[in-house]
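Okay, so here's the structure we're looking at.
Numbering starts at 1 and runs along the sequence shown. Predicted model only: the values in this text are computed from it and were never measured.
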Amino acid sequence: MHSSSSTLLQTLLTNPDFIAWANGDRPEDDVKWNKWAGNDLEKQETIAIAREVLESFQVAGPDMTDEHVTSKVSQALNTAKRIESEQNSRSISPFRSLNFTVWNVAATLVTLLGLALAIFGIYKNGHFKLDLKNDVAKVDDADTFTEVTNQDQAVKYVRLSDGSAIVLHKNSSIRFPKQFSGPVREVFLTGDAFFEITKNPEQPFFVYANELVAKVHGTSFSIKAGQSDSKVIVAVKTGKVSVFSKNDLKADQYKKDKALQALVLTPNQQATLERSQFKLSRLALSSPILLNIPIENQDFTFSETPVKDVFEALEKAYGIHIDFNRETLAQCSITATLGDEPLENKLKWICTILEAEYAVREDKITIKGNPCNNYSPEP
């Protein structure tokens, strides 16, 4: 198979969005995939092959075995043979012009052993499931998704397009769309992080962390989800979080319904998912501290607090540097309770008090304002 065609086929066959669309679960994505293929013959034919192969993996029932998966792989290879045979019988073969051969298609599938396992996870319960553990790059990923990794900082601030804030723990990464669109907001976590989610009940927010899914409307919570950890743990600071296993038979229902469902956690409650058994349990806590980072026990309540101390508290909590004119703002103080609002909302309120402006640039916030004389209104 031509190298670029092979790469395209691999991308499509391991793309949960494409799999859902190809199987008829997302007809609303017709425009998206037609636009992606456009007039590009290579992309059009690759989509055709990918859809044929996926048909071979259409299965049902929760008791599918590894042997059944192997059988489906064999069916997929037979499908590839049939496609090649049909194309060879034509006087002009667009597949041949792309250097598609049955054995190269087969080779691609064999190298995609992970595909068989992914399909096993996706279809084991009889309908589409997102393979969270092996989530791979989406089509045109560089244009639509961003991935941030914290390799060496104690904590790292990540801002999402809706204003939500993520405090990423060391040796952790988060993958998210550059812009949220559609009925839900979705991010993919590997490792540990604290979340402050912008409130929007009409567009629920989902965090996928190994085998666990957390669904929220607007709240603050921590997730511990290291790749090698035997458990995934969620601890709620404020608001409510609904959690469930990605293999739950009602997972699709939990996702589609805008209301919180499944196992609902309230402040100072923790849920633990035993990854090997997909078993969830709930526990009451004396405090929501899970990751041992400052933001978990910071309530952001200030009473005539010098502005430099406020900024230092934010820097420590979010892992971001705040640059401001200390001489100009030396006499400023703040009285406010900023609570679990995302960092950007906190900044808006602070700057309203100070009659100042702010700008966020990666790991730095710049605040410019006028001198004040202990102006400290209540929010």
Just wondering, do [Y] and [X] contact through their side chains at under 4.5 Å, heavy atoms?
| X | Y | result |
| --- | --- | --- |
| Glu196 | Asn345 | no |
| Leu273 | Val243 | no |
| Gln270 | Phe221 | no |
| Ser333 | Thr305 | no |
| Phe180 | Val187 | yes |
| Ser164 | Thr198 | yes |
| Ser173 | Glu147 | yes |
| Leu343 | Ile320 | yes |

### Query
Has Lys346 got its NZ or CZ under 6.0 Å from the middle of the six-membered ring of Phe300, at an angle within 45 degrees of the ring axis?
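The answer is yes, since Lys346 meets both limits relative to Phe300.
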### Query
Yes or no on side chain to side chain contact (heavy atoms under 4.5 Å, CB included) for Phe324 and Ile365, after CA distance, side-chain angles and deciding distance?
CA-CA 8 Å; Phe324 65 100; Ile365 296 171; over 6 Å; no
#### Entry: Test: Asp162 and Arg185 ion pair at under 4.0 Å
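Between Arg185 and Asp162 there is a salt bridge, with a charged N closer than 4.0 Å to a carboxylate O.
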### Message
Between Glu296 and Lys237 (salt bridge meaning N to carboxylate O under 4.0 Å), is one present in this structure?
### Response
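No.
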### Task
Applying side chain to side chain contact (heavy atoms under 4.5 Å, CB included), run through Phe302 and Ile350 and close with a yes or a no.
CA-CA 11 Å; Phe302 306 104; Ile350 290 171; 5.7 Å; no
Counting N and O atoms only, with roles assigned by atom type, does the side chain of [X] sit under 3.5 Å from a partner on the main chain of [Y], one being a donor and the other an acceptor?
| X | Y | value |
| --- | --- | --- |
| Thr335 | Glu304 | yes |
| His217 | Lys258 | yes |
| Ser245 | Asn247 | yes |
| Gln269 | Thr266 | yes |
| Lys348 | Tyr358 | no |
| Asp29 | Lys32 | no |
| Glu357 | Cys351 | no |
| Arg175 | Phe145 | no |
| Glu186 | Phe205 | no |
| Asp229 | Lys231 | no |

### Message
Ring-plane angle category for Tyr254 and Phe244, please: parallel below 30°, perpendicular beyond 60°, tilted otherwise.
### Response
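Because their plane-to-plane angle lies in the 30° to 60° range, the rings of Tyr254 and Phe244 count as tilted.
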### Task
Please work out whether the ring planes of Trp36 and Trp33 are parallel, tilted or perpendicular, with thresholds of 30° and 60°.
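If you compare the ring of Trp36 with that of Trp33, the planes turn out perpendicular.
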Minimum-distance pair of heavy atoms, taken over all atoms of [X] and [Y]:
| X | Y | result |
| --- | --- | --- |
| Ala37 | Gln44 | CB-CG, 4.1 Å |
| Leu291 | Lys224 | CD2-CB, 3.9 Å |
| Val236 | Leu265 | CG2-CB, 3.6 Å |
| Asn268 | Ser286 | ND2-O, 4.1 Å |
| Lys215 | Lys255 | NZ-O, 4.5 Å |
| Leu168 | Asn150 | O-ND2, 2.9 Å |

Taking atom [atom1] of [X] and atom [atom2] of [Y], what is their separation to the nearest 0.5 Å?
| X | Y | atom1 | atom2 | value |
| --- | --- | --- | --- | --- |
| Ile233 | Leu212 | CD1 | CG | 10.5 Å |
| His321 | Glu315 | NE2 | CD | 6.0 Å |
| Asp323 | Lys368 | CG | NZ | 9.0 Å |
| Asp340 | Asp299 | CG | CG | 11.5 Å |
| Asp17 | Thr144 | CG | OG1 | 9.0 Å |
| Leu347 | Thr352 | CG | OG1 | 10.5 Å |

### Message
Between Ile295 and Tyr157, is the side chain to side chain contact (heavy atoms under 4.5 Å, CB included) condition met? List the steps.
### Response
CA-CA 11 Å; Ile295 197 169; Tyr157 172 65; over 6 Å; no
Check whether [X] and [Y] end up in the same hydrophobic cluster, where Ile, Leu, Val, Met, Phe, Trp and Tyr are linked by side-chain heavy atoms less than 4.5 Å apart.
| X | Y | result |
| --- | --- | --- |
| Trp349 | Leu329 | yes |
| Leu263 | Leu283 | no |
| Leu354 | Leu314 | yes |
| Tyr318 | Ile322 | yes |
| Leu338 | Val307 | yes |

### Message
Could you check whether atom NZ of Lys199 has more than 12 heavy atoms from other residues, nucleotides or ligands sitting under 6.0 Å from it?
### Response
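Atom NZ in Lys199 is crowded, with more than 12 foreign heavy atoms closer than 6.0 Å.
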### Message
Let's go through Glu211 and Phe278 carefully: what are the C-alpha distance in whole Å and the side-chain angles of both, what is the deciding distance for side chain to side chain contact (heavy atoms under 4.5 Å, CB included) to 0.1 Å, and is it a yes or a no?
### Response
CA-CA 7 Å; Glu211 293 79 14; Phe278 299 102; 3.5 Å; yes
### Query
Can you tell which of Val232, Leu290, Asp192 makes a side-chain contact (heavy atoms from CB on, under 4.5 Å) with Ile223?
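When side-chain contact (heavy atoms from CB on, under 4.5 Å) is applied between Ile223 and each of Val232, Leu290, Asp192, only Val232 qualifies.
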